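Order of the sequence lines fixes the chain letters, A, B, ..., with proteins taken first and strands second; residue numbering starts at 1 for each chain. Quick caveat: nothing in here was measured; it's all calculated off a predicted structure.
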Amino acid sequence: MRIYSWNVNGLRAISKKNFFDWIRSENPDILCVQETKIQEATLDDKLRNINGYHSYFSFAQKKGYSGVAVYTKFKPISVKHGIGIPEFDSEGRILTMEFKDFTLLNIYFPNGQMSQERLNYKMNFYNAVLNYCNFLVSQNRKLVICGDYNTAHTEMDIKNAKANEKNSGFLPMERQWLDKFIKNGYTDTYRYMNPQKVEYSWWSYRFKARERNAGWRIDYHFVSNNLLKRVKKAAILTQVTGSDHCPILLEMI
DNA sequence: CGTAATACG
């Protein structure tokens, strides 16, 4: 079972680049994408119906903004949009789907760089997701929580730690939320499987950041610890281009 | 710098 997560930075844009070829060669069992930047009205058949996959989309109300989707070979038992909180659900950031032996959450966490207001929104979103995950685990669900968390956890997870400690994405309070998430019984599968490895999943399009490898690891597959024994491999596909993020992989037995 | 709409990341 191979679950991929990829912030594609515009589904229409990447579909004109390497998206379909990449799916054919990588053959994901489940593919979670973030920042689809698409609405129901602009979603064409080619993106909705990919051979061999069921597809599910959550849209933001704002045009060309946010949005997540899941392509899955296995038909989910149930699909839920959002978490029942209107201020978070209006931005198309969360899809939850229940499979036979685990529950998948595909989440595009807010970016907090625009303003103090958006940083507050991001922190409130983080806390709402933690409560939601804890509720699901209390119902004996086993969770894979993947997506773009928009925060690098430790100094290992960012090229220029010192220069970014006052920037949203590497603020102490954002990093401390990831600590809190872990303390609540969730595991960053990449760090669990690769304790010493330094790789990133996102590079700014500006300042030739990717060629300089001035990156951040902000995309994660977390699992609730009741699922940890099934984790076989976690990786970052740093060679894949087409977006400012690269795909990440979780392999489970 | 890039996507997609003229804002946001």
For this session: Look at all strands and tell whether A:Leu11 reaches a base, only sugar-phosphate, or nothing, counting heavy atoms closer than 4.0 Å.
Result: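 Sugar-phosphate contact only.
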Problem set entry | Nearest to side-chain heavy atoms of A:Ala13, which nucleotide of B:dC1, B:dC8, B:dA4 |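 Closest nucleotide to the A:Ala13 side chain: B:dA4.
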Without decimals, in angstroms, what is the distance between [X] [atom1] and [N] [atom2]?
{"X": "A:His245", "N": "B:dC8", "atom1": "NE2", "atom2": "P", "answer": "17 Å"}
{"X": "A:Tyr205", "N": "B:dC1", "atom1": "OH", "atom2": "P", "answer": "13 Å"}
{"X": "A:Asn9", "N": "B:dC8", "atom1": "CG", "atom2": "C1'", "answer": "10 Å"}
{"X": "A:Leu43", "N": "B:dA4", "atom1": "CG", "atom2": "P", "answer": "13 Å"}
{"X": "A:Asn150", "N": "B:dC8", "atom1": "CG", "atom2": "P", "answer": "15 Å"}
{"X": "A:Lys122", "N": "B:dC8", "atom1": "NZ", "atom2": "P", "answer": "16 Å"}
{"X": "A:Ile14", "N": "B:dG9", "atom1": "CD1", "atom2": "P", "answer": "18 Å"}
{"X": "A:Phe207", "N": "B:dG9", "atom1": "CZ", "atom2": "P", "answer": "17 Å"}

For this session: For A:Lys16, check side chain to side chain donor-acceptor pair (under 3.5 Å) against everything at least two apart and list the hits.
Result: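 Testing A:Lys16 for side chain to side chain donor-acceptor pair (under 3.5 Å), a comparison that skips the adjacent residues, returns none.
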Problem set entry | Strand contacts (DNA chain B) in residues 57-65 of chain A, 4.0 angstrom heavy-atom criterion |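 Close to the strand are A:Lys62, A:Lys63, A:Gly64, A:Tyr65.
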Problem set entry | A:Asn18 and A:Asp21: side chain donor to acceptor below 3.5 Å |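 No, A:Asp21 and A:Asn18 have no side-chain donor paired with an acceptor closer than 3.5 Å.
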For this session: Could you state whether A:Phe109 and A:Tyr186 fall into the same hydrophobic cluster, counting links through intermediate Ile, Leu, Val, Met, Phe, Trp or Tyr residues with side-chain heavy atoms under 4.5 angstrom apart?
Result: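 Per the 4.5 Å side-chain linkage, A:Phe109 and A:Tyr186 are co-clustered.
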For this session: Select from A:Gly10 and A:Asn111 the residue whose nearest nucleotide in DNA chain B is closer to the 5' end of that strand.
Result: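 Its nearest nucleotide lies further toward 5', so the answer is A:Gly10.
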Exercise. With nearest nucleotides of DNA chain B determined for A:Lys208 and A:Gln39 from heavy-atom distances, which residue corresponds to the more 5′ nucleotide?
Worked result: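 This one resolves to A:Lys208.
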Problem set entry | B:dA5 OP1/OP2 closer than 4.0 Å to side-chain N/O of A:Arg12 |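 Checking B:dA5 against A:Arg12, a side-chain N or O does come within under 4.0 Å of OP1 or OP2.
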Exercise. With respect to the phosphate group of B:dG2, does any side-chain polar atom (N or O) of A:Lys17 fall under 4.0 Å of OP1 or OP2?
Worked result: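 Indeed not, no polar side-chain atom of A:Lys17 lies that close.
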Exercise. Quantified in whole Å, what is the P atom distance between nucleotide B:dT6 and nucleotide B:dC1?
Worked result: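 Nearest-Å result for B:dT6 against B:dC1 at atom P: 22 Å.
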Exercise. Out of A:Lys233, A:His221, A:Glu199, A:His153, which residue meets the side chain to side chain donor-acceptor pair (under 3.5 Å) rule with A:Tyr190?
Worked result: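 Output: one option passes, namely A:Glu199.
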Exercise. For the side chain of A:Ser201 and the backbone of A:Ile218, is there at least one donor-acceptor N/O pair under 3.5 Å apart?
Worked result: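 Flag set: sc A:Ser201 to bb A:Ile218 pair under 3.5 Å.
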Problem set entry | Donor-acceptor pair, side chain of A:Arg141 and main chain of A:Phe135, under 3.5 angstrom |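 Not a single qualifying donor-acceptor pair exists.
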Problem set entry | A:Arg175/A:Glu155 salt bridge by N-O under 4.0 Å criterion |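 Looking at A:Glu155 and A:Arg175, the cut-off is not met.
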